S.K.: 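Before I ask anything, here is the structure I am working with.
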Amino acid sequence: MLAHLLTAACLAAALVCYGLGLTGGGGALLLAGGVCEGVFWLRLLRRPRGFKPTDHAEP
């Protein structure tokens, strides 16, 4: 559950940084938003530790 909250917090931080960077013209905030979004997507798309795909093909 904590991992999901951390992932959602990365997305929220990215949105806040993007919003502040666009309204205030801050390039550093836009860059920080991009980094937070990248962390969000990495956490969202990575496989869980110990994940082993199984072959469920029917004979």
Side-chain angles (χ1 to χ4, degrees):
M1 180 69 172
L2 181 62
H4 295 301
L5 290 175
L6 184 59
T7 302
C10 287
L11 180 60
L15 293 174
V16 168
C17 288
Y18 282 145
L20 292 175
L22 289 176
T23 59
L29 287 172
L30 291 174
L31 181 63
V35 169
C36 289
E37 185 179 356
V39 170
F40 166 77
W41 284 110
L42 286 174
R43 292 185 57 83
L44 188 69
L45 297 177
R46 73 174 182 184
R47 291 183 177 177
R49 290 181 183 164
F51 177 77
K52 293 186 174 87
T54 57
D55 186 20
H56 293 291
E58 294 293 325

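Note that this is a predicted model, so its numbers are computed, not measured.
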S.K.: Nearest 0.5 Å, please: how far is SG in C10 from CG in L5?
M.R.: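 These two atoms lie 11.0 Å from each other.
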S.K.: What's the spacing between L11 CG and L6 CG if we round to 0.5 Å?
M.R.: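 Answer for the CG-CG pair, L11 versus L6, is 12.0 Å.
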S.K.: Say whether L42 and F40 are linked into one hydrophobic cluster, either directly or through other cluster members, by side-chain heavy-atom distances under 4.5 angstrom.
M.R.: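 Cluster IDs for L42 and F40 differ.
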S.K.: Taking all atoms of both residues into account, what is the closest heavy-atom pair of Y18 and L30, and its distance?
M.R.: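 The pair with the smallest heavy-atom distance is CE2-O, 3.7 Å.
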